[in-house]
Amino acid sequence: MSLIEIKNLSVCYPSRRGVFKALQNVSLKVEAGEIHGLVGESGAGKSTIGSAIMGLLEHPGEISAGEINFCGQSIGALSDNALQQLRGSSIGMIFQDPLTSLNPLMSVGEQLIETICYHLKLSKSAAKDRALALFKEVEIPEPEVRIDQYPHQFSGGMRQRVVIALALCSEPKLLIADEPTTALDVSVQAQILDLIKRLVKKHQLGVILVTHDMGVIAQTTDKVTVLFRGKVVESGATGQLLAAPQHRYTQSLLSAVPRSDKKMSRFCQVSWIEGSQPLDNRAFAKDWQGENNLNLGSQVPMLEVKNLSLSFKAKASIFAKTPAPTKAVDDVSFSVNYGEVFGIVGESGSGKSPIPRLIPRLYNPDSGSICYRGESVVGKLPKQQLQSFRRRCQMIFQDPYSSINPRMRVRDIIAEPILLYGLNDRKGAYQRVDKLLDYLGLERAAALKYPHEFSGGQRQRISIARALATEPSLLICDEPTSALDVSIQAQILNILKDLQSELGLTMIFISHDLPVIRQMCDKVAVMKAGKIVELTESETLFTAAQHAYSQSLLRLMPNMHR
Amino acid sequence: MLFQGAHLNNSLKPRLWNIPISALSSERVLKRWQGSGLGFVFVLNIVGAIGLAMYKFLLQRLVQGVLVMLVVAFVAFAIFHFLGDPVNNMVGESATDADREMVRLQLGLDEPIVVQYIKFVGNILQGDFGISYRTRTSVIEQMAARLPATIELSLVSGFFSILFGIPMGIYCALQPKSWLTRNFLVGSLVGISIPTFLSGLLLIYLFSVTLGWLPSQGRGGLISFGWWDTSLLTLKGWSYILMPALTLCIYQLTLITRMVRAEMLEVIRTDYIKFARARGLSNYIVQYRHALKNSLVPVVTIIGLQLGTVVAFSIITETVFNWPGLGQMFIQSIEFVDIPVMSAYLIFVGAFFVVLNLIVDLIYALVDPRLRAA
């Protein structure tokens, strides 16, 4: 008898505009001591499976057909009360974001003890002993001290351990982990996945691991089920499925994952999902009035950053001694040549994020110099000079949802910088918007729409169009694809590559994703704690990393081509 | 403390003091309270929970509060000094120039403005707000006589709005589709839209004129403890305070209901509530122990500030019901251009807001551990 067996499960969300089928005819089995991966892109219904098992489908979702058997017992037949008993006591669940999964007003100990008391009917002191034992089990150091602390006193990885401890309170048989490491750094991710693997072995847990990350699937799971738009397209033992995918969707999905083992000229796209036409834009490149191609042979680098430092100070107080400022960027130097893609890689808190804000002077550095085409752009500048520098240096942000004004039409969003810098009148600007939309593979009709009518990938194209509107020569991309699905990521990265080769753009590319860095960049700086620990040609980094930290990052990188 | 003070120096007291004691506490209750040391433990908890950083934070707030009060005092001083000539208000029409000059010297109006301001602040600190132009009595005495009426009115109305507003808000959030929720929400819209003077008049028409249940004007059924007259200890007193308090609370009630509902709906959607459900905790624990506490954090601020507004702007209600409180006094002082009373009222309202804000900050820190650490 399987631990859990799902047969022909269908879940639908009825709405005024018809029924949305989130899951159709999904069947899968999980045995005790097995990690079963669910993989797919957003909207594939992978999280819905977990919610359906827990009986936590959001209103108005409902199970329209099929059944879920847990230890031979049908979950659909259980009363609400019995289902609630089952949650937590026999089935545990952990969520994606450990920062928001814990009640901020209760100490972690209180939350643990509450749950233990509720399920195991223990006394408070016995519950506390068990809570301490659980903390030891999930390897939280100094459990006696940590147990009385509040969630905000824990780091992301530690919080996810607390969440796991909470999910394991009453020794469940099945653990549903919904993207448990997506919000974590690669080194922390490796530790958490290790922990889950150890717990599975020790307690003979069954785990359903929901993720979009093929690397995580490859390294952690025993079996995997690939979902596409609510349907199972393929299922099987992990090694076999990854090595020889049968279904075309699985094949294209796997090929869209950026490879870390070799550099390719372009990303394979998930052609099976969205027909993305190749870009034909010679005309556009000719129209480009930028001065990018002029200086390709120049001796002076386009951008030269020397001894750049920035610290964030705590607000001054008249009573408390002001705490020592945090050095976010500490003595960083690098230079970017014309037509080059310069990558910056690091974990959260490494200082890679302030740099894209320092260069266009959104932040002012404490010390150091930034030279653009040999001219300094730090310190007090005439407004005109700063404006013309900023016009040449445009940014693409991480989150395509919050980086575009939702109340403006796409046409006005893209035209805004053109008008701001007075490059053209409104009519001319709109003409240019049309050209940009053509160039980025969006229909011209898009100009009159509002951002909410577009998907994440399309929005990122809009923000690229906005960045290109002023004919920049330096494009700063701050994690441009980390909020996107892998197939969309491939499209966006291809667009950026094309831009770079056709327009001779220079790019600074910030990412935490090493395979993406390898595919995109010519040179890479690895950052840790505000400092550059290694700066080298990107191929050299991946073949012969020098610094211990770079080596450990490379080692920890989940890799499906291993 | 107030009660103990009254206990010591009021000869009227023993008879009255007996009423609440016998009503409230059998000896058993008293003993349990003392035996468990509950009060003491509670105080210790507060001290323990706040921590050193919090004291610094509070001290900082206190300093800010003092600065705010100095500015308010300056405005009051400016009104005093520049709004008409105080000498004209003091002396009769037949006074000679020499008389005026003498009064001017007596009042110290010949000194530099800074010195006058410092003296003004010094007087306020000693409780000397000057003499009312209208009644020729000391302003502080006049205010002290009226303070209890306003404070009791605001507290009772604040109490009503919290007592009904929070449960109504919770109900609206947890049962969003029920017919009662719809009625609450429509009703709250009406409550917000109708101006206070109108709802007051409507209440008077219904309960005093038509039904004849409640008195429409003034304050009665008073029992005094020292200088504090309370209407909360007799049925008659309550019959007087009920309608003005209801009138005053309608707006707060709707505001609190809507705030609690909105906050609760937001908190229920958060990940930690989902996770609490996924741990199989009961609905009761999830909704009341996890969701409610988190929703109330921002509500506390609003309640605190609203209580300030209630006190400060009970003017209309007090006028409608002829309630002998500070608001009424303020209106009268405006009619007579009674500047010392006006500036004293200004300072009182300012001080009240500063103190309330301080209390709100303290509650915030007690509830939210993230603030305690900061």
Side-chain angles (χ1 to χ4, degrees), chain A residues 50-51 53-56 58-59 80-108 110-112 114-119 148-153 162-163 166-170 172 176 178 183 314-315 317-321, chain B residues 48-49 51-64 66-67 174-177 263 265-298 300 363-374:
Chain A
S51 306
I53 296 172
M54 300 292 275
L56 288 173
E58 263 172 47
H59 187 81
D80 281 357
N81 247 336
L83 193 61
Q84 186 203 320
Q85 288 299 322
L86 196 68
R87 288 202 287 266
S89 63
S90 304
I91 307 178
M93 187 162 183
I94 55 184
F95 290 94
Q96 173 172 356
D97 191 351
L99 302 181
T100 56
S101 295
L102 297 168
N103 185 343
L105 301 188
M106 283 168 85
S107 73
V108 294
E110 280 170 328
Q111 300 187 44
L112 268 165
E114 172 190 73
T115 314
I116 295 168
C117 286
Y118 187 78
H119 283 300
D148 291 321
Q149 292 185 340
Y150 288 88
H152 70 270
Q153 291 163 300
V162 173
V163 169
L166 271 165
L168 294 179
C169 269
S170 47
I176 301 171
D178 192 348
K315 237 170 93 185
S317 151
I318 25 176
F319 299 106
K321 214 171 74 192
Chain B
L52 200 65
M54 255 328 282
Y55 283 121
K56 278 178 187 158
F57 170 71
L58 281 179
L59 203 63
Q60 209 165 352
R61 277 305 163 94
L62 214 60
V63 171
Q64 284 170 2
V66 169
L67 285 178
L174 295 183
Q175 307 284 341
K177 292 252 161 100
E263 287 299 328
L265 282 177
E266 207 175 302
V267 168
I268 280 177
R269 276 198 292 268
T270 56
D271 281 356
Y272 56 85
I273 296 299
K274 267 188 223 156
F275 185 45
R277 277 191 208 287
R279 294 204 298 273
L281 297 176
S282 70
N283 273 339
Y284 179 84
I285 295 182
V286 172
Q287 285 164 359
Y288 292 96
R289 206 180 296 169
H290 290 266
L292 183 61
K293 201 174 165 193
N294 277 288
S295 342
L296 285 186
V297 172
V300 165
I363 295 179
Y364 241 56
L366 283 179
V367 176
D368 196 333
R370 284 165 294 188
L371 267 174
R372 251 177 266 155

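So you know, we letter chains A, B, ... as the sequences are listed, proteins then strands, and number each from 1.
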*Asks:* Pick one of side chain, backbone, both or neither for Val267(B), based on which atoms fall under 4.5 Å of a heavy atom in chain A.
*Replies:*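 Contact with chain A involves no heavy atom of Val267(B) at all.
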
*Asks:* Report which part of Leu166(A) has an atom under 4.5 Å of a heavy atom belonging to chain B: side chain, backbone, both, or neither.
*Replies:* both

*Asks:* Which heavy-atom pair separates Phe275(B) from Phe95(A) by the least distance, and what is that distance?
*Replies:* CA-CE1, 3.5 Å

*Asks:* Shorter than 4.5 Å, heavy atoms on both sides: which option in Asn81(A), Val163(A), Leu99(A) has the most such pairs with chain B?
*Replies:* Val163(A)

*Asks:* Check this for me, if you would: do Glu58(A) and Lys274(B) make a salt bridge, where the nitrogen-to-carboxylate-oxygen distance has to be below 4.0 angstrom?
*Replies:*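 Between Lys274(B) and Glu58(A) there is a salt bridge, with a charged N closer than 4.0 Å to a carboxylate O.
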
*Asks:* Under 4.5 Å from any heavy atom of chain B, what part of Leu83(A) do you find: side chain, backbone, both or neither?
*Replies:*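 Answer is neither: Leu83(A) stays 4.5 Å or more from chain B.
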
*Asks:* Side-chain polar contacts of residues 277-285 of chain B - donor-acceptor pairs under 3.5 angstrom, sequence neighbours left out - could you list them?
*Replies:*
from, atom 1, to, atom 2, distance (Å)
Arg277(B), NH1, Asn283(B), OD1, 2.9
Arg279(B), NE, Thr115(A), OG1, 3.0
Ser282(B), OG, Ile285(B), N, 3.3

*Asks:* If we define contacts as heavy-atom pairs under 4.5 Å, which of Met54(A), Gln96(A), Gln84(A), Gln111(A) has the most with chain B?
*Replies:* Gln84(A)

*Asks:* Between Ala167(A), Gly88(A), Pro104(A), which shows the greatest number of heavy-atom pairs under 4.5 Å with chain B?
*Replies:*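 Highest number of heavy-atom pairs under 4.5 Å: Pro104(A).
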
*Asks:* Picking from Asn294(B), Ile273(B), Val297(B), which has the most non-hydrogen pairs under 4.5 angstrom with chain A?
*Replies:* Asn294(B)

*Asks:* When rounded to the nearest 0.5 angstrom, what is the spacing between CD in Glu114(A) and NE2 in His290(B)?
*Replies:* 3.5 Å

